[in-house]
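Only one structure is covered here, and it is reproduced in the block below.
The chains referred to below are lettered A, B, ... by the order of the sequence lines, with proteins before strands, and numbering in each begins at 1.
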Number of protein chains: 2
Amino acid sequence: MSARPHDSARDIPEATVARLPVYLRALTALAEAGTETCSSEELATSAGVNSAKLRKDLSYLGSYGTRGVGYDVDHLRYEIAREIGVTQDWPVVIVGIGNLGHALANFSGFRSRGFRVVALLDADERRRGERVAGIEVRDFEDLEEIVREHGVSIGVIATPAGAAQAVSDRMVSAGITSILNFAPGVISVPQGVDVRKVDLSIELQILAYHEQRKQAGEATGPVADPAGEAAAEVLA
Amino acid sequence: MSARPHDSARDIPEATVARLPVYLRALTALAEAGTETCSSEELATSAGVNSAKLRKDLSYLGSYGTRGVGYDVDHLRYEIAREIGVTQDWPVVIVGIGNLGHALANFSGFRSRGFRVVALLDADERRRGERVAGIEVRDFEDLEEIVREHGVSIGVIATPAGAAQAVSDRMVSAGITSILNFAPGVISVPQGVDVRKVDLSIELQILAYHEQRKQAGEATGPVADPAGEAAAEVLA
DNA sequence: CGGTGTGAAGTAGTTCACAGCG
DNA sequence: CGCTGTGAACTACTTCACACCG
């Protein structure tokens, strides 16, 4: 706790926070390709943003670039990782081991990015004992014990919608303060608990909205349309 | 249906578009509970937003409420569905039938929200012929044929990161103009093609950032943590 | 010179607060 | 009277453009 570059207490805009992991991934790719230095332009391109935004974002963390040169890939990578908090290891529990829970448990991207799945829980006792990704599926009732034992603060909900609120409540009272929710529908949590929601059908619906617009304006549309028959009638 | 309420050509803010599916889901839940009418306050609560935002959002679609009363659940539901474009049926292809592809293929929320999975494709021929959610897994090479035959304009990428760009390119040249990408990393597409990205580990990293902040300011917290030390090597 | 870092300008999104209608 | 619909005020985010420094 001596002279930190700056006390990392600066409040970073939420939009920037959401992009830092993207930059981190881009930097990792650059590092793996053997690149030692990159300009804001290069990094921005591989992260899919424009360079002004990238520089502004990085400026919230500090001045880690060299004027006239660019950024040291490894150093910047470290600084971003530290800022996000992925230099430490985060234990995670996943509740609901259906199709999605299986996919999540097997997802290697967690492990390699500072997250460790310490338990898989399911209320259905027919799933009990099954091993998924080398981890035994345990009773949801064991939640409190596991949270205590491993110091878990992040939980993932992959249950059907109907169970989500109850699972969330139980997670919160067990001490979990960050929840990633894959179940459709809103869950409510007390202040101080963060929830992020991933909803597959919402994403598709957003795409559908824009797609509908494209197809409505076809004839002189920017994209040649395949079989433009499906421009159907409105349903009842 | 003589005169359209207004030509539905109004440009709706992107932030609003992203919330319309949430309202739609909330309305569906209300309808299933037998509610016929609701106020902006009620609907906002069940959608997890505040009522001013909800009313502003709905105002972009038109005036579908009744002052002093509220909204007719079924009517509003219809208007939002029409605006999003989910009153019509959208054929979708899923490429990459690993764990995640399985979960997506089995996800019932697609079917019930205007999306129909018309094909599952995988480049790995060992997966060929397997049936997932009643749909046969076919060769990725069949993409063009399927897109043509079913008039597909929405594609889902659930492959490993390395394959995503190639799959995307192929989708675009087959005529797909909207892509939902679950593969980590940025894919680039020509203008006129929409991409939405869902990245599990990014979501977790955002949670970790906030979690780290909470824990930094703690004296008595749920988790004891040896925060910033051993911060030598970054990630694997 | 070349590329970062950043004030200033511009744009998008949210919240307020209340007029106006059923 | 109650609740919607909406200008106006505010806040957050993005982009511009250039001073500054290695």
How would you list, by chain and number, every residue that makes a side chain to side chain contact (heavy atoms under 4.5 Å, CB included) with B:Ala161, sequence neighbours excluded?
B:Pro184
Results of side-chain hydrogen bond (donor to acceptor under 3.5 Å, both in side chains) for A:Thr16 - residues two or more places apart only:
A:Asp57
Nucleotide D:dT4, atom P - distance to CG of B:Asp72 in whole Å:
13 Å
Nearest whole Å is fine: how far is D:dT6 P from B:Leu54 CG?
13 Å
Mind checking what makes side chain to side chain contact (heavy atoms under 4.5 Å, CB included) contact with B:Ala164, not counting sequence neighbours?
B:Ile157, B:Thr159, B:Asn181, B:Ala183, B:Ile187
Restricting to side-chain hydrogen bond (donor to acceptor under 3.5 Å, both in side chains), what partner residues turn up for B:Arg67, sequence neighbours left out?
none
Protein and nucleotides 7-9 of chain D: nitrogen or oxygen contacts under 3.5 angstrom:
| from | atom 1 | to | atom 2 | distance (Å) |
| --- | --- | --- | --- | --- |
| D:dG7 | N7 | B:Lys56 | NZ | 3.3 |

Strictly by modelled atom types, are B:His210 and A:Glu14 linked by a side-chain donor-acceptor pair under 3.5 Å?
yes
Using the side-chain hydrogen bond (donor to acceptor under 3.5 Å, both in side chains) criterion, which residues pair with A:Ser108? Sequence neighbours excluded.
none
For A:Arg67 and D:dG22, what is the distance between atoms CZ and P respectively, to the nearest whole Å?
7 Å
Interatomic distance, B:Asp57 CG vs D:dG5 C1' [rounded to whole Å]
13 Å
Qualifying side-chain hydrogen bond (donor to acceptor under 3.5 Å, both in side chains) pairs with a residue from residues 161-176 of chain B, counting only residues at least two apart or across chains
B:Glu141-B:Arg170, B:Glu144-B:Arg170, B:Gln165-B:Asp169
Nearest-Å distance, CG (B:Asn50) to C1' (D:dG5)?
15 Å
What residues from residues 38-46 of chain A pass a heavy-atom cutoff of under 4.0 Å to DNA chain C?
A:Ser39, A:Ser40
Quick check: does any side chain N or O of A:Thr35 sit under 3.5 Å from a backbone N or O of A:Ala31, one acting as donor and the other as acceptor?
no
Any residue meeting side chain to side chain contact (heavy atoms under 4.5 Å, CB included) with A:Asn99, in chain and number order, not counting sequence neighbours:
B:Ala103, B:Asn106
Check this one for me: any side-chain N or O of A:Tyr60 less than 4.0 Å away from OP1 or OP2 of D:dC13?
no
Separation of D:dC3 atom P from B:Leu58 atom CG, nearest Å, is 16 Å
Could I get the full list of side-chain hydrogen bond (donor to acceptor under 3.5 Å, both in side chains) partners for A:Lys53, not counting sequence neighbours?
none
Ring pair (Phe, Tyr, Trp, His ring centres under 6.0 Å) filter on B:Tyr209, not counting sequence neighbours, yields none
Heavy-atom nearest nucleotide on DNA chain D for A:Pro13 versus A:Thr66: which residue maps closer to 5'?
A:Pro13
Nearest-nucleotide check on DNA chain D, A:Val69 vs A:Glu14; residue mapping nearer the 5' end is A:Glu14
On DNA chain C, reading 5' to 3', which nucleotide is the first and which the last to sit with an atom under 4.0 Å from a heavy atom of chain B, could you check?
C:dG13 to C:dG22
If each of A:Arg55 and B:Gly68 is mapped to the nucleotide of DNA chain C with the nearest heavy atom, which maps nearer the 5' terminus, i.e. the 5' end?
A:Arg55
